[in-house]
Amino acid sequence: MRFIHTADLQIGARFSQFGDKASALRAARVNALARILDCAESESADAVLIAGDMFEDNQVADALVREVMGVLNAHPNVPVVILPGNHDPMSGPGCVWMRPPFDNPPDHVIVCTSTSPVEIGDAVILPSPITQKRSTRDPALPLVELAGAVPAEKIKIGLTHGSLAIESKHQPDDHPIALNAATRAGLDYLAVGHWHSFMEMDEGRLVMPGTPEPDQFGQAAAGIVIVDIDSPGASPAVKQIPSATFAWHECPVDVAADGDVQTLVASAVADLEGAPENVVLRIRLHGATDPTRRRAFELAAAALSATVAVVQVQDETVIRLSDAMWQAWQQEHPLLAQVVADVEQARLFATGTAPDVAAEDLAVLTLPELRGICSDIGIAESDLSADVLETARELLIGEMSAVAAEESTS
Amino acid sequence: MRLESVTLKNVGRFNGDVSVGPLDSGLNVLSAGNEAGKSTLLMATARALFDRHNVTGEGITALQPIGTSLAPEVTVTFQSSHGRFQIHKRFLQSASAELREFKDGVWQAIADGDAADARVLELVAGTRAGRGASKPEHWGMLRHLWARQGEMTSWPDFQDDTGARVRTQLAGIEIDSLVETLIGSFERAADEQFTSTGRLKKNGPLAALEESIADQETELNDVHATMQRMDEQQQELATSRETLAVYRTSKADADQKVTALTAARRDVELLRKDLERFDETYASAEQNLAAIDKDQQSVAADQKALADAETEQQALADKAEAHQQKDIVLRAELATHKQQITGQQDAINEARLQEARLRDIASLAQQQTSVTALTKTLDKISASDQQQALLREQRAALPDVDGRTLKKMNSCEQVIRELGIRAEAVGLRVTLAPLADATVAVSGDEQDRAELKIAGGATEETGATWAMDLNIPEWGQISIVSGAEEATELEAEMSKQRATLSDLLSLHKVDSVAQALEASEQLKAIDREIKTASDAAAALLDDWDSLDALQQSFEKAKGAVAQLSTRLSLSKEETSLTAADLEAQLSTLQDALRCLDRSITALGNVIEKLEKQIEAVAADRAERSSAMDAIGKQIAGLNARLKTLLDRYPDGIEKAMEQAQIAFVTAKAEKAVATSKLPDDWEKIDQRHARALKAASQVADEYDALGQTISGLEAILKERGSQGLYSKETQLVESLEGNKKSATSMRSKATAARLLAALLDYRKKESVRTVLAPLEDQLSIAFTELTGDHSRRVTLDEDLHIAGIGRNRQEVIPFPQLSQGAKEQLLLALRAAVALELSKEEPQILILDDVLVNTDPVRQERVLDYLQQISTDVQILVLTCHASMYRGVGHAVGLNAGVAS
């Protein structure tokens, strides 16, 4: 028996941090299913087992569900056995499995809405579907009795979904599966889903394949497994196959580093794996610099989206004036320098952050003065958040830096 | 710039040439009347200096003489730090401009046309206007230094470049231009989102975005609520399914119970039918036994009753005989008593007749007495009537003068008297004094004398109201008539009154008022007598309502006497009976009557008693007879019934009784056996069966209802499941995250911009405040010189406007609240300060249009002193139509045609 084991496609997942690029990432997960079915055909697999969480939620849009069925129907010769997981549990009439088109799927698509065994070739698939989002019960436990009813000449393959009961690595109510669940039930193989990274347990008979498409930065390589079991009782041969469309990369860029901005940004992304059009990139700007240079970094980072599929710029920079610039401003624009010191002082009042500039020769804004000014213009004290004051600081320094740049060129 | 002279041609009211100048470098006073063209002169000067020669528009055409299309021409000679210049401009038709400079002792043309315009603008530090004529903001320093008519108390702000320069030079303030730029930039950024009071702008981008976020959050909340509801419904569905399973079991149990009870009920039914049958047999045997027993008892009773009836019948017969005898005795006694009572009744009748007669005789005597009394009364009344008639005749003969008439007469008489007295007073007085005895006939004498006999040598007076005649023998008649009008009037009035009085007297048939008075008195006396007589007659009537009533009573009494006399036909003895006799006889008769009555009453009682006894005997007899009949019938009935009863039992009633008892005992035993076969509580089985049926029905209903609830929930969940709520939520969350970030960023930026603008403005004003003091000192000194007021200082604000004056900064009277004069003086001080300051670099002219209009005479001198003082450094041109105020002041300048003065 040869079959593909995958899980956690989580079609319809949310990617709110990526704005309008989220739909591209969602589409990738549907494409992952298509590629898995393609792989099943090309590898002559007897079946594809999806061990739970094919959908992100039971309440995904009908259009998406139909699209998925469309993908399944495009491979009518590949039997697909789908187990409801904790994201898409078999919870009742509102669930995706009990409404069209999955309430009456084609013959090659088997949705395990109960523990009824599914015979495919020489194997019997013993499903233990998930019926609720959280549970303290071991979903693999019913497989013990189910397996006992299977004739000895059949390959027994269990199919369930949950966390592996590894000490301090799982939640007690997260469908904990015993680490010896496969051998406990006398299974030749126990196909499990839930965690998004590959795991192999119980003499290689209990496998978590991971997600076929990454969904966050820092995730281990995504993929599926092809499993070969020659006969009942034989050890399964498990082969991992990468399947991701997108490669997720996170690149820090120090804005305080010397050098040309474009060069620094380009070098940060130079060694990324994968074609740019298949990269999800997070540029993390960090360090302290002046507004002009920071703006240049922001533009350079944003410009990457011309070639990279999804670019997210995470700005952790801090605007800072150089000592020379600060001295020059105090001389040439003393009033403006005073106001910079005032903003720093206001930030101290509001957040306790110490001023970033030395202001020995400048007047110190008092709290009553600040309150009076705010009162005159209708700003409540509570409106002076750290964010507002930082923005004020950046606005003013940004304007002054622009002027300084103009003055230096003219 | 310092003006030297201005020449106009075809400007305003100046059809020809008119020149002003040369002006002194110090104080110049241009006096001319109203509408003389002073302001026109200055406006033309400004056009020549600041406007392009080829400018068109209302500002230029206003220079043309009214009703003409002449081209205005203006020539201005002036000095600047660059030299001495003369600009000539012709506007509108054949517009031209020529600028000349005085070099090496001669005027040399240095530019014309646009170049001349530009150069002169540069020399006077003006700014180019756009389209159309220039405005004061283009006039450089002249904007501040020329107080135009009606603008003495206004001051332009320092916002433009010139103002900034003034401000800088005046107060030594130099604000970093970047500050203003940034303030403007930040304020604009803030104004995009916030109003001036810090509220979010309703139509601003941030407000729109936040509204959109609110809508999305509302929508998201709805989605969450629906998802939450779905979860609850899932839970409810699961619970309902579990409950349904329980109900299923309960339903099965209920149905099973019903089945068991139905079978038990059927068994009990069969046993009950058997019992009913045995019960009927038992009842029948019991009934039969009871019937025979009853018959037996009836026979015994009837036989006894028959014996009793026969005994009673005999007793009744004996009693009837005894009563017959008693009846005969009672009847004889009754007849005897009735005879006695008849005799006594006759005696009573006789006595009553006698009594009636005696009463009639007494009544006759009484009537006769009454007739006599009535006759006397009638006679008295008649006499009184006659007296009254006589008095009325007397009254009728008298004049009818009532009190009112009398009063009228007296009044007339009184008036006549008064008139007479007045007439006498105004009337004629004639004194006759004949020499010899004379008799003079008089008419109209006031004393109504017909003649006056006067002795010779004596005098006699006579008079009249207004006319009189004196007839002197052997002489003739003298008629004297008064000419007095009043006398005439009095006479007329008196005649009138006399006529009125005469009419009254005549009407009431009296000769005089005295007679009328007498007649009135007599009438009153007669009236009193008539009343007295009338009262007496009324008293006699007494109990009668009227004389007629009295008359009727009298006639009635007379009739009664006649009738009684006729009916009684009294005998001699009866006639002689007195009232006392009659009374005594009546009393005797009444005693006898009473005795007879008592006797009759007693006899009546005895008779009544006897009659009742006879009636009782008769009633007894009748009763007995009925009883005899009844007993006879009873005996016959009893015999018949006995026969009937005994005929029922041919073998005898005792035998029948014995057989019935045997049958009864047998039926009873069979019934007991059937009863013992029934189960315990068998009577309650129907009730239990009905209860079980109802319970099963209820469980079935609840089961069905729950099934429907489950179906409903499944349908709802299926329908909701297809709504794609998660995808909707995803879409909303993704959109919200972006929008919220944008909104936070926009709000932060706008708030930060507001704060920055405020901080910049705060620091700017603070820096200005530090340099104000010297300028305030300077202005305060000038103000003191102008007004003589040492106690107050001039206070400026951060925008370099005059805030007001006061002893200190805390006690300032604001500028708008000052008098017109104080405002003029303050602004004069400020203009002077500006001019003095600027003249350090460039000659300046201060133009003041009627500066002393609102200044009192005391201060006028001070102002003139001040102007003369500063005119050593600044050229001053004062325009005025009050020449007298400026006599002896500065250099007098006039508007002269052709040659300058």
Side-chain angles (χ1 to χ4, degrees), chain A residues 12-20 22 26 55-65 91-96 98-100 103 132 332-336 338-339 342-343 346 363 365 369 372-374 376-380 383-385 387-396 399-400 403, chain B residues 175-176 178-179 181-182 185-186 189-190 194-199 227 230-231 233-234 237-238 241 713-731 733-738 744-745 747-749 751-764 766-767:
Chain A
R14 188 174 297 169
F15 295 99
S16 52
Q17 59 182 315
F18 293 101
D20 56 1
R26 269 196 289 281
F55 289 105
E56 171 68 12
D57 192 275
N58 270 327
Q59 310 309 324
V60 290
D62 269 1
L64 186 60
V65 175
S91 55
C95 75
V96 66
M98 290 185 72
R99 67 176 198 264
D103 62 340
Q132 55 196 65
E332 291 160 26
H333 303 286
L335 199 144
L336 296 179
Q338 174 67 62
V339 173
D342 289 343
V343 172
L365 183 72
E369 279 179 319
I373 291 167
C374 290
D376 287 343
I377 58 173
I379 291 182
D383 290 339
L384 294 183
S385 62
D387 186 46
V388 167
L389 291 166
E390 185 59 34
T391 304
R393 190 172 166 279
E394 290 185 10
L395 268 177
L396 185 57
E399 290 283 343
M400 290 168 69
V403 166
Chain B
I175 301 296
D176 186 346
L178 184 56
V179 169
T181 306
L182 287 177
S185 169
F186 290 140
F194 293 113
T195 64
S196 59
T197 55
R199 292 181 183 275
M227 290 168 91
M230 274 190 74
D231 287 342
Q233 284 167 335
Q234 290 280 17
L237 181 63
R241 281 184 175 149
L713 283 169
E714 285 173 349
I716 289 170
L717 286 167
K718 202 162 186 175
E719 191 268 331
R720 286 216 172 118
S722 66
Q723 287 176 0
L725 293 172
Y726 180 79
S727 297
K728 271 185 195 167
E729 185 193 22
T730 298
Q731 199 179 351
V733 165
E734 286 173 359
S735 177
L736 260 175
E737 194 146 327
T744 304
S745 172
R747 187 175 274 275
S748 291
K749 279 190 178 148
T751 306
R754 272 183 76 78
L755 178 65
L756 286 170
L759 281 169
L760 284 166
D761 191 55
Y762 178 76
R763 287 301 182 194
K764 182 190 84 175
E766 199 183 47
S767 67

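Only this structure's heavy atoms are used, side chains among them; waters, hydrogens and symmetry mates stay out. Every chain is numbered from 1 and lettered A, B, ... according to where its sequence line falls, protein lines coming before strand lines.
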>> Using a strict threshold of under 4.0 Å (side-chain N to carboxylate O), is an ion pair present between A:Arg26 and B:Glu734?
In response: yes
> Side chain, backbone, both or neither: which part of A:Glu394 has a non-hydrogen atom closer than 4.5 Å to chain B?
Replying inline: neither
> What is the distance from atom CG of B:Leu755 to atom CD1 of A:Ile373, rounded to the nearest 0.5 Å?
Replying inline: 7.5 Å
> Quick one: does A:Leu396's side chain get under 4.5 Å of B:Leu759's, heavy atoms only?
Replying inline: no
> Using non-hydrogen atoms only, which part of B:Ser185 is less than 4.5 Å away from chain A: side chain, backbone, both, or neither?
Replying inline: side chain
>> Quick check on B:Leu725 against chain A: is it the side chain, the backbone, both or neither that has a heavy atom closer than 4.5 Å?
In response: both
>> I'd like to check B:Met230 versus A:Gln59 (side-chain heavy atoms, cut-off strictly below 4.5 Å). Are they in contact?
In response: yes
>> Can you list everything that forms a salt bridge (charged side-chain N to carboxylate O under 4.0 Å, His left out) with B:Arg241? Sequence neighbours excluded, please.
In response: B:Glu714
>> Return the CZ to CG distance between B:Arg720 and A:Asn58, rounded to the nearest 0.5 Å.
In response: 15.0 Å
> What residue in B:Ala715, B:Ser745, B:Gly198, B:Ser722 has the most heavy-atom pairs under 4.5 Å with chain A?
Replying inline: B:Ser722
> If you take all heavy atoms of B:Ala753 and A:Leu395, which pair is closest and at what distance?
Replying inline: N-CD1, 4.1 Å
> Out of A:Leu389, A:Val339, A:Ile377, A:Asp103, which one racks up the most heavy-atom pairs below 4.5 Å with chain B?
Replying inline: A:Ile377
>> Looking only at side-chain N and O atoms, does A:Asp383 offer a donor or acceptor that is under 3.5 Å from a partner on B:Thr751?
In response: no
> A:Leu365 versus chain B, heavy atoms under 4.5 Å apart: side chain, backbone, both or neither?
Replying inline: both
> Okay, side chain of A:Arg99, backbone of B:Gly721: is any donor-acceptor separation there less than 3.5 Å?
Replying inline: yes
> Looking at B:Lys749, B:Arg199, B:Glu729, which one has more heavy-atom pairs under 4.5 Å with chain A than the rest?
Replying inline: B:Glu729
> Looking at CD of A:Glu399 and CG of B:Leu178, how far apart are the two atoms once the value is rounded to the nearest 0.5 Å?
Replying inline: 8.5 Å
>> Please classify the contact of B:Phe194 with chain A as side chain, backbone, both or neither, using a heavy-atom distance under 4.5 Å.
In response: neither
>> At a heavy-atom distance under 4.5 Å, which candidate from A:Met98, A:Gln17, A:Glu369 has the highest pair count against chain B?
In response: A:Glu369
>> Could you check whether any side-chain heavy atom of B:Glu719 comes within less than 4.5 Å of a side-chain heavy atom of A:Pro93, counting everything from C-beta outward?
In response: no
> Roughly how far, to the nearest 0.5 Å, is SG of A:Cys95 from NZ of B:Lys718?
Replying inline: 9.5 Å
>> So, taking the atom named CG in B:Leu756 and the one named CZ in A:Arg393, what distance separates them when rounded to the nearest 0.5 Å?
In response: 12.0 Å
>> Once rounded to the nearest 0.5 Å, what's the spacing between atom CD of B:Glu737 and atom CZ of A:Phe15?
In response: 13.0 Å
> Which atoms form the tightest heavy-atom contact between A:Ala61 and B:Ser727, and what is the distance?
Replying inline: N-OG, 2.7 Å
